[in-house]
Amino acid sequence: MTTFRELAPKYSAKEIEEKWYHIWETSGYFTPVVDPNKKPFVIVIPPPNVTGVLHMGHALNNTIQDILIRSNRMKGIPTLWVPGVDHAGIATQNVVEKRLVKEKKTRHTLGREKFVEEVWKWKDEHGSTIVKQLRRLGASCDWSRERFTMDSGLSKSVRETFVRLYEQGLIYRGDYIINWCPRCQTALSDEEAVHRDLKGALYYIKYPLEHSSEHLTVATTRPETMLGDTAVAIHPKDERYKSFHGKKVILPLINRSIPIILDDSVDPDFGTGIVKITPAHDPNDFEMGKRHSLERIKIMNPDGTISKEGGPYEGLDRFEARKRIVHDLEKTELFVKRVDHGHSVGHCYRCDTVVEPYLSKQWFVRMKPLAQRALQAQASGQIKFLPERWTKVYVSWLENIRDWCISRQIWWGHQIPVWYCKSCGDESVMVTRQDPVHCPACGGKELRQDPDVLDTWFSSWLWPFSTLGWPEKTSDLNYFYPTSALVTAQEIIFFWVARMIMAGLQFLDHVPFHTVFIHGTVRVEGGQKMSKSLGNVIDPIEVIDEMGADALRFSMVMLAATDVYLSREKLEMGRNFTNKIWNATRFVFRSLEHDEFILSPASNPKFLSDIDKWILTELDRTAQKMTENLNQFRFFDAASTIYHFFWHSFCDWYLELVKPVLSRPKEDSARRAVESVLVHVLEESIRLLHPLMPFVTEEVWQTLKANIRSELFKPKSIMLASWPISNSLRRFEKETLMVERFQNVVIGIRDLRSRLGLKPLELIQKVMIITKSNELTQAILNFRNEIAAFAHVSELAVGENLKRESGMVGRVYEDLQVFVGGLSKESLNQERERTREKITELEGLVREIDARLQNSGFVSKAPVEVVEQEQARKKEFEERLVSYRENLTLFS
RNA sequence: GGGCGAUUAGCUCAGUUGGUUAGAGCGCUUCCUUUACACGGAAGAGGUCUCAGGUUCGAGCCCUGAAUCGCCCACCA
């Protein structure tokens, strides 16, 4: 048993964190106790990639989730946080392929089956890295419900979803232009092609008119695609080119005759107003090709080299081909010019290769009908974004949604549940829940499954219900769906959030969550995103090793009101606060002489001093504010509320004030009361802090529990202790006001002391406090010992009608004045100047208020309270002015 | 091209429906090793709230415009 006396002088985060996390997990505290009479609080984790390692974005994201989970759990609500990992198709495949390269193997030499086995092996060995790291952060996920997007249950959800959508006519297969990554050799969705502005060039090339010496000049940024041109297009109303209508041009280098077509989509103002059309390599051209029934010539292989359709350029890499084509054209009269041209080019979000618009046969989900319901759900208030402005991002994406390309030409992922009959060909498509054994059309048994796998997001979008057992009607699904909140970053609103909402509505007729909380992006100081490739990463695990998880969590929350620009120094805030908590605890513990305390001291006020009542009142206010802040997802405000209370109210004032009391004998009743208050305030503070800083608070709480016999410590863990509930009966407003007066007196004396060059421990001979009422005089006298101790004063005079002595300087408050005497001439001169400045300042303020009060508009239109308030302020300032002016006369 | 956000102390940012003399952390200055904590304590300096108009009795907050920065979206051949 840890005893109070044994509390280590230094907080050793590592040991304590490991100890408590292990106990929490093995005791099953993360697993909710289902209570049918209570509405549960549920979050599903944004599943990190199985290839991932914890970065600061995860640290922030999961800290916020854990705060919500832990605070709700303490409120006695059955609370579930579902953890899991995403199989991250392309990313994982890339990682494993890279490892194979070291062994001089490729996935093709291994074959599909062996390769997938390799990936599973890799997953088993390395895939749990991030899951372990989440534990180090303190995340109170229910690990007994941990899921993986490729596990059998989730695979079943994926299959069910695909089949349903297919049956509903919402999945189709077709030849379209998609984004193709020549390095990964797979299709990508529009969201996976990241557009970036690049410096490129616009090449002007003459296309000679057939049977004529005339020519048309086209402008293109991708000259290599001309190998696949099957037309040139002009705007039908473009007067310049009217005479070319119906004619043909000869494609240079290839010498193919291609038509001149008329199309409204041509912008006459761009380039020459003439555009070359490559239907197989450009989405616009593809559409135009459909309208004009143009041939589609694929001039590129999947690896980005020129295909045999490219004639003399066959085999060249696409960028090499571009250079060669430009070079070859330059040798003819057909090359006009090259001008610099900035344009936006898609890049593979996984490997950053420039993607190619590429014609191929892919599977798509028809998104419009799904988007419709998702928009409706938002409009009817079933979905709320926080902060609200993200609603607009969500809405405009859904309004402009395009079909989702879901097939990927990789091997790691959910293979598409589609079979083709070898004898009937690709047109006979079997899409079934059970693997088919024969072709329903011809009875043939030679079936072939579509080799493609599904986009990883096709499993992620089912996450809020697939993790709970859907499509089975499990009790988990019944009890925990829909979930309560989703916490994520802005980057995946499209990828994930919007699609989950669509899936929830489509498959369960209910939004998957009600609140979407979007937190900031973590960046490095200077503004870049934190990324490995930039080498500017601050590793959260290193920070945890060095400062502790609590420090990291607290700092992140304090910083994350908006996007976070992180630096090492900023993280010290949390470290320092952890240290403060630990040391305050040590102080409290070593001050305790008893082992039984009044654990709700506020209900026994007769034993309490005004100072006790003040700290209890502040504590109650803190509990109330924190609860409100957390309810509104205002994590920064919650954190700064408790930070301020604990550090500045509790440590700086209360602990210092009670030190003299704690030097009294054990039997002293005031001492006894103070001990109770200390235990009470400390205990409740750490309960308030627990969602933010789970480890240090558990350690402190358990030490209290081990040494104090009380109902309060009945729970086995602070995790299971109750969330403090604010109660006006625990507040002492009048005493609190008095303590604030007293604090002002102390601050005033200290200010004067420091201003007049007196050392902190140098005794001040005389302090005089002039009050405006006998009541206040008595109140101040109650604090005479504290004032003497705090301000180091040998003689203290308090009263309403005291005579100020010449040579004393003072500070003026609303209803009292503090004077200090025994000063040097130099100090007096300085203080005289300061008093003059103060007078000028107050005169200015009074003039301002006067102007306001004389403004008839203000008096007639402002609320009565505001007018009265202004009048009161004026009166107060004027009184202070009188005092300061009188003070001025005392300097002589 | 469209949209969104930001602009408040030296730095990083709060400031919730308009209403006292605009706050915090870090940094800075002065003092203090007083037995919980120097990862600390006390005191202090520091702001024409980007600019220009407007609404209002009253604007950091609402409206219009401008500038600068950042982010997102987009089929700029």
Side-chain angles (χ1 to χ4, degrees), chain A residues 7 9 11 177 195 202 218-222 225 233 265-267 270-272 274-278 282-287 341-344 357 387 389-390 392-393 396-397 400 402 490-491 493-494 521 523 525 527 547 551 555 558-559 561-567 569-570 572-591 628-629 632 634 636-637 640 643-644 651-652 655-656 659 746-747 750-755 757-761 790 792 841-842 844-845 848-849 852 855-863 865-867 869-870 872-873 876-877:
Chain A
L7 208 59
Y11 176 66
I177 298 273
H195 285 265
L202 199 54
V218 302
T220 180
T221 52
R222 294 191 300 151
T225 62
S265 69
V266 178
D267 176 3
F270 187 91
T272 56
I274 305 167
V275 57
K276 58 187 266 324
I277 304 300
T278 322
D282 183 278
N284 283 322
D285 295 4
F286 177 79
E287 290 302 322
H341 180 71
H343 60 146
S344 149
R389 72 184 124 90
W390 296 110
K392 210 166 173 176
V393 175
S396 64
W397 185 74
N400 300 301
R402 283 172 295 162
Q490 158 263 120
E491 289 89 356
I493 292 181
F494 309 139
T521 301
R523 296 196 172 80
E525 252 174 5
M547 307 183 181
S555 300
M558 284 295 271
L559 293 167
T562 55
D563 283 358
V564 188
Y565 292 84
L566 203 63
S567 69
E569 298 75 61
K570 287 180 182 171
E572 286 175 5
M573 194 194 309
R575 179 198 62 177
N576 296 353
F577 189 43
T578 311
N579 184 252
K580 192 73 181 177
I581 293 168
W582 188 249
N583 281 299
T585 302
R586 283 176 57 220
F587 173 76
V588 171
F589 283 4
R590 64 180 239 167
S591 307
E628 285 168 7
N629 288 329
Q632 295 166 49
R634 299 180 68 90
F636 164 80
D637 296 288
S640 51
Y643 178 89
H644 185 268
C651 294
D652 289 349
L655 294 187
E656 294 304 323
K659 277 178 181 174
V746 172
I747 290 167
R750 283 172 172 172
D751 177 19
L752 292 166
R753 168 194 288 287
S754 135
R755 172 155 294 113
L758 298 170
K759 306 263 175 187
L761 291 178
F790 263 54
H792 292 278
E841 187 192 325
L842 281 167
L845 284 168
E848 248 176 57
I849 296 171
R852 214 168 294 164
N855 181 330
S856 59
F858 175 73
V859 181
S860 60
K861 289 185 185 169
E865 310 91 72
V866 176
V867 177
Q869 189 181 292
E870 287 298 299
R873 279 179 67 214
E876 189 205 311
F877 290 156

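Small disclaimer: the values here were computed from a predicted structure and weren't measured. Per chain, numbering begins at 1; letters A, B, ... match sequence-line order.
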Asks: Would one find a side-chain N or O of R389(A) under 4.0 angstrom from OP1 or OP2 of G5(B)?
Replies: no

Asks: Quick one: label I274(A) by what it contacts on the DNA or RNA (base, sugar-phosphate, nothing), any heavy atom closer than 4.0 Å.
Replies: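 Here I274(A) touches the bases of the nucleic acid.
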
Asks: Any idea which of C72(B), G44(B), C4(B) is nearest the R755(A) side chain?
Replies: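 Nearest to the side-chain atoms of R755(A), counting from C-beta on, is G44(B).
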
Asks: Please give, in whole Å, the distance from C37(B) C1' to N583(A) CG?
Replies: 4 Å

Asks: Could you tell me whether the side chain of T225(A) reaches within less than 4.5 Å of the side chain of K276(A), counting heavy atoms only?
Replies: yes

Asks: RNA chain B in dot-bracket, Watson-Crick or G-U pairs under 3.5 Å, [ ] crossing, | other strand?
Replies: (((((((..((((.....[...)))).(((((.......))))).....(((((..]....))))))))))))....

Asks: Given side chains that start at C-beta, do those of F270(A) and L202(A) come closer than 4.5 Å, heavy atoms only?
Replies: yes

Asks: With sugar-phosphate meaning primed atoms plus P, OP1 and OP2, does D282(A) contact a base, only sugar-phosphate, or nothing at under 4.0 Å between heavy atoms?
Replies: nothing

Asks: Report yes if a side-chain nitrogen or oxygen of K659(A) is closer than 4.0 Å to either non-bridging phosphate oxygen (OP1 or OP2) of U35(B); otherwise report no.
Replies: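 No, outside the criterion.
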
Asks: Could you tell me whether a side-chain N or O of N579(A) sits under 3.5 Å from a main-chain N or O of R575(A), the two making a donor and an acceptor?
Replies: no

Asks: Looking across every strand, which nucleic acid part, if any, lies under 4.0 Å from E841(A) by heavy atom: base, sugar-phosphate, or nothing?
Replies: base

Asks: Do T578(A) and N576(A) come close enough that some side-chain heavy atom pair is under 4.5 Å?
Replies: no

Asks: When we call it a touch if two heavy atoms are under 4.0 Å apart, what does F577(A) touch: a base, just sugar-phosphate, or nothing?
Replies: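 Counting heavy atoms under 4.0 Å across all strands, no contact is made by F577(A).
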
Asks: Under a 3.5 Å threshold, yes or no: a donor from one side chain and an acceptor from the other, between S591(A) and K659(A)?
Replies: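 S591(A) vs K659(A): no donor-acceptor pair found between side chains.
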
Asks: Between protein and nucleotides 22-28 of chain B, map the contacts as a letter string: B base, S sugar-phosphate only, - none, heavy atoms under 4.0 Å, written 5' to 3'.
Replies: ---S---

Asks: Which nucleotide sits closest to the side chain of Q869(A): U16(B), U20(B), C72(B)?
Replies: U20(B)

Asks: Are side-chain heavy atoms of E628(A) and R634(A) found at a separation under 4.5 Å?
Replies: no

Asks: Using a 4.0 Å heavy-atom cut-off, does K580(A) contact any base of the nucleic acid, only the sugar-phosphate backbone, or nothing at all?
Replies: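 Base, at least one base atom sits under 4.0 Å.
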
Asks: Do any N or O atoms from the side chain of R753(A) and from the backbone of H792(A) form a donor-acceptor pair under 3.5 angstrom?
Replies: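 Checking the backbone N and O of H792(A) against the side chain of R753(A), a donor-acceptor pair under 3.5 Å is found.
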
Asks: Tabulated below should be each protein N or O lying under 3.5 Å from an N or O of nucleotides 55-60 of chain B; please produce it.
Replies:
residue	atom	partner	partner atom	Å
C57(B)	OP1	K861(A)	NZ	2.0
C57(B)	O4'	G857(A)	O	3.4
C57(B)	O4'	F858(A)	N	3.4
C57(B)	O2'	N855(A)	ND2	3.0

Asks: Which nucleotide sits closest to the side chain of R634(A): C72(B), C75(B), G15(B)?
Replies: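 The answer is G15(B).
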
Asks: Answer with base, sugar-phosphate or nothing: what part of the nucleic acid does R575(A) contact at a heavy-atom distance below 4.0 Å?
Replies: base

Asks: Take the angle between the ring planes of F577(A) and Y643(A) and call it parallel below 30°, perpendicular above 60°, tilted in between.
Replies: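 Judged by the thresholds at 30° and 60°, the geometry between F577(A) and Y643(A) is tilted.
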
Asks: Hey, which sits more toward the 5' end of RNA chain B by its nearest nucleotide, W397(A) or V266(A)?
Replies: W397(A)

Asks: Have a look at R873(A) and say if it touches a base, only the backbone sugar-phosphate, or nothing, with a 4.0 Å heavy-atom cut-off.
Replies: base

Asks: Heavy atoms, side chains only, cut-off 4.5 Å: are H341(A) and T221(A) in contact?
Replies: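 Contact flag for H341(A)/T221(A) side chains = yes.
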
Asks: Contact class for V393(A) vs. all strands (heavy atom < 4.0 Å): base, sugar-phosphate, or nothing?
Replies: nothing

Asks: Should R873(A) and E876(A) count as side-chain neighbours, where that means a heavy-atom distance under 4.5 Å?
Replies: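 No; the side chains remain at least 4.5 Å from each other.
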
Asks: Tell me what S344(A) touches on the nucleic acid: a base, only sugar-phosphate, or nothing, going by heavy atoms under 4.0 Å.
Replies: base

Asks: Is any side-chain heavy atom of F858(A) less than 4.5 Å from a side-chain heavy atom of V866(A)?
Replies: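 They are in side-chain contact.
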
Asks: Nearest whole Å is fine: how far is A42(B) P from R753(A) CZ?
Replies: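 So the two atoms are 14 Å apart, to the nearest Å.
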
Asks: Work out how far the P atom of G2(B) is from that of G65(B), and round it to whole angstrom.
Replies: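 It works out to 13 Å between them.
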
Asks: Looking at K276(A), I'd like to know whether one of its side-chain N or O atoms comes within less than 4.0 Å of OP1 or OP2 on A77(B).
Replies: no

Asks: Is the closest side-chain heavy-atom distance between M558(A) and K570(A) below 4.5 Å?
Replies: no

Asks: OG of S754(A) to CZ of R750(A): how many Å apart, nearest 0.5 Å?
Replies: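 Rounded to the nearest 0.5 Å, the OG-CZ separation comes out at 11.0 Å.
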
Asks: Hey, which sits more toward the 5' end of RNA chain B by its nearest nucleotide, E870(A) or E656(A)?
Replies: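 Upstream on the strand: E870(A).
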
Asks: Nearest of C37(B), C75(B), A43(B) to any side-chain atom of R750(A)?
Replies: A43(B)

